[in-house]
Amino acid sequence: MKPVRASGILLHPTSLPGPHGSGDLGPSAYHFIDWLALAGQRLWQVLPLGGLGPGHSPYMSSSAFAGNLMLIDLQDLQRQGWLTAEQLQPDAGFEAARVNFDAVLPWRMTRLASAAQAFGQGGEPRAQADFEDFQQAERAWLPDYALYMALSEALGEGDWTRWPTALRRREATALAAARQTHAGRIQFWAFCQWRFFRQWAALRRHAHDKGVRLVGDAPIFIAHQSADVWAHPQLFLLDDQGRPGVVAGVPPDYFSATGQRWGNPLYDWPAHQASGFDWWIARIRHSLAMVDVLRIDHFRGFEDYWEIPASEPTAIHGRWVRGPGAALFEALHTALGAMPIIAEDLGIITPEVERLRRQFGFPGMRILHFAFGGAPDNPYLPHNYEANTVAYTGTHDNNTTQGWWAQASVQERDHLWAYLDLRPGDEADLHWKLIQACCASVADTVIHPMQDVLGLPAQCRMNTPGTAEGNWGWRFEWSQVQPWHAGRLAAICQRYGRL
């Protein structure tokens, strides 16, 4: 069957408007889906949906399975009778154009604690039964996650390698005692996950009703300070104390002259293979139960990955090490069948990585911002795309198109000007010219950051790789979205067969 040509928008839910300091799974998320349908968009791509890590990054979550508590719609909790209208009055520190994490995180956590307490004191029987059903269905990961989060709070120590030895080593007696001691907080963390997943499922049903599919994002690596690494240390390259001797990252590239030292622990791939890749199968099955398509970040790392000594402050002094290659995806395919996966194949890509991607039929990615200033055979130029491709003007790691253009070199500007046959005055409309170029290409799928649809400047970018602060906070307001935005986007998609 011929693949459907489709277009979509990249926007993390925290960037949505809303009264409670950050976007969430509430009314604005439903309204955004309605807007996508009106604009002829078939896809909504989000960033990882797990909890936030250092620097508020969604790529360093405390769990590969849990949802982000910041995304829980508090108005839903009010409708359930677990919060009052007074409790939902916005804080003075909230901002419409950015997420003020220092104000939003504690404010939301306080409301979630109040809701969990109210539910525990008198939850409606059907809700109580549904909560029990959820805990039973997610028993493979939820108990470890909830205990990990409760212990992290109680011990006041974010580094589980510094916990008492019995807890660090997960001795059965110590875990049983901890579950009894911290039962209340364990119940709180489980309650929050229940509400997140029930709200996400309802939002996904609405998306499907509107003809919109959801595209998720799975980081290849897991944060060291996570329930997964604590619960399964045998699957990672750790010493006897649980500390990594080598960590993940990428060598110097377009984004950074010193590379990127992510700091995640690396997988013990022989241990994963000996287990039949059970943890990976569970993880991908869980992710694909939440979304319709899954983008896997840093696909290159499955073929070979950049190993950095943990003592190194940058990623310069690393080395390439072979990954699991086809063995992992063969195991996944055997367990799960054909998988709707997008392979993030940006950066330094070898023929071996390309063969691995093609072997399993995963579409790769092309970024239009990387196309200009070089030779005609640049793979990011639209005339070099192949159909099994997802094309972007830019991703969450790129500048906005208007921001990119403001910093572009003379060579890039001259090349783009000639390639798109631009005219004087087109600079103000450049974001639409790039959106049109993506849509006109043979790529089956194109994704546009919401910032580019709105033509926003550099200060609205989502992330600057290699920087630890000031990222992930951008939000838009509905007043910025005019009827003509949807009309113009729909017209372009109709012109190029993407409706």
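In what follows, every heavy atom counts, from backbone to side chain, and hydrogens, waters and symmetry copies are set aside. These figures come from a predicted structure and were not determined experimentally.
- Expressed to the nearest 0.5 Å, how far CD1 of Ile447 lies from CG of Leu11 amounts to 12.0 Å.
- Considering every non-hydrogen atom in both Ala331 and Phe277, the closest pair reads CB-CD1, 3.6 Å.
- Using a 3.5 Å distance cut-off with no hydrogens or angles, the side chains of Thr400 and Gln402 do not pair a donor with an acceptor.
- Contact check on Asp228 versus Arg283 returns no salt bridge, with no Lys/Arg side-chain nitrogen under 4.0 Å from an Asp/Glu carboxylate oxygen.
- Looking at Trp306, Tyr305, Trp262 one by one, the single match for ring-ring contact (aromatic ring centres under 6.0 Å, His included) with His298 turns out to be Trp262.
- Arg243 and Asp159 are not joined by a salt bridge, as no carboxylate oxygen comes within less than 4.0 angstrom of a charged side-chain nitrogen.
- Residues Arg475 and Thr14 share a closest heavy-atom pair of CG-O, 3.6 Å.
- Looking at Asp452, its side chain never comes within 3.5 Å of a backbone N or O of Gly455 through a donor-acceptor pair.
- For the pair Asn384 (side chain) and Asn378 (backbone), a donor-acceptor distance under 3.5 Å is present.
- Residues Pro58 and Leu52 are in side-chain contact: their nearest non-hydrogen atoms beyond the backbone lie under 4.5 Å apart.
- Within a 6.0 Å sphere centred on CD of Gln359, heavy atoms belonging to other residues, nucleotides or ligands number more than 12.
- The 12-atom threshold is exceeded at CZ of Arg495, counting heavy atoms of other residues, nucleotides or ligands nearer than 6.0 Å.
- To the nearest 0.5 Å, the span separating NE2 on His206 from CG on Leu25 amounts to 13.0 Å.
- For Phe134 and Phe196, the ring centers are positioned 6.0 Å apart or more.
- Rounding to the nearest 0.5 angstrom, the gap separating the NE2 atom in His286 from the CG atom in Leu294 is 11.0 Å.
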ask   = Hey, mind stepping through Asp304 and Glu352 against side-chain contact (heavy atoms from CB on, under 4.5 Å) and telling me if it holds?
value = CA-CA 9 Å; Asp304 50 5; Glu352 291 80 8; over 6 Å; no
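- Taking each heavy atom of Ala227 and Asp144 in turn, the nearest pair found is CB-O, 4.2 Å.
- For the atom pair Asp429 CG and Leu422 CG, the distance stands at 10.0 Å (nearest 0.5 Å).
- Val229 has its side chain out of reach of Asn264: every pair of non-hydrogen atoms, C-beta onward, lies at least 4.5 Å apart.
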Using residues 361-372 as the side-chain source, report each donor-acceptor pair under 3.5 Å to any protein atom, sequence neighbours left out, with the distance given to one decimal.
| residue | atom | partner | partner atom | Å |
| --- | --- | --- | --- | --- |
| Arg366 | NE | Pro379 | O | 3.3 |
| His369 | NE2 | Thr393 | O | 3.4 |
| His369 | NE2 | Thr401 | OG1 | 2.9 |

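- In plain terms, the two heavy atoms of Ala391 and Ala443 that are nearest each other are CB-CB, 4.0 Å.
- Annotation: side chain of Tyr419 is in contact with side chain of Pro382 (closest heavy-atom distance under 4.5 Å).
- Under the 4.5 Å side-chain criterion, counting only non-hydrogen atoms from C-beta, Trp472 is in contact with Met462.
- Atom CD of Gln241 is surrounded by more than 12 heavy atoms from other residues, nucleotides or ligands within 6.0 Å.
- Ring geometry for Tyr267 versus His272: interplanar angle over 60°, hence perpendicular rather than tilted (30 to 60°).
- What you find for Gln199 and Leu71 is that their closest heavy atoms are OE1-O, 4.1 Å.
- Looking at heavy atoms from C-beta onward, Trp44 lies in side-chain contact with Pro13 at the 4.5 angstrom threshold.
- Across Arg261 and Glu312, no two heavy atoms sit closer than the pair NE-O, 2.7 Å.
- Pairs of residues two or more places apart, or lying in two chains, never qualify as salt bridge (Lys or Arg N to Asp or Glu O under 4.0 Å) while including a residue from residues 54-63.
- Taking the ring centroids of Phe360 and His333, they lie at or beyond the 6.0 Å cut-off.
- Using modelled atom types, one side-chain atom of Arg498 and one backbone atom of Cys439 make a donor-acceptor pair closer than 3.5 Å.
- Within the 3.5 Å criterion, the main-chain N or O of Pro376 finds a donor-acceptor partner in the side chain of His383.
- Separating the CH2 atom in Trp280 from the CZ atom in Phe302 is a distance of 4.0 Å, to the nearest 0.5 Å.
- Between Trp230 and Trp163, the angle of the ring planes goes over 60°, which puts this pair in the perpendicular group of the 30/60° scheme.
- Proximity of Leu10 to Leu47: side-chain heavy atoms (C-beta onward) are separated by under 4.5 Å at one or more points.
- With no hydrogens or angles considered, a side-chain donor-acceptor pair links Trp189 and Glu153 at under 3.5 Å.
- At least one side-chain heavy atom of Leu238 sits under 4.5 Å from a side-chain heavy atom of His224.
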Ignoring hydrogens and angles, write down the donor-acceptor pairs under 3.5 Å from the side chains of residues 210-222, residues two or more places apart or on other chains.
| residue | atom | partner | partner atom | Å |
| --- | --- | --- | --- | --- |
| Asp217 | OD1 | Arg295 | NH1 | 3.0 |
| Asp217 | OD2 | Tyr59 | OH | 2.6 |
| Asp217 | OD2 | Arg295 | NH1 | 2.8 |

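- The backbone N or O of Ile72 lies less than 3.5 Å from a partner atom in the side chain of Arg108, making a donor-acceptor pair.
- A centroid separation of 6.0 Å or more is found between the aromatic rings of Trp474 and His12.
- Between Met70 and Val99, some side-chain heavy-atom pair lies under the 4.5 Å cut-off.
- The line from CZ of Arg357 to CD1 of Ile342 is 11.5 Å long, rounded to the nearest 0.5 Å.
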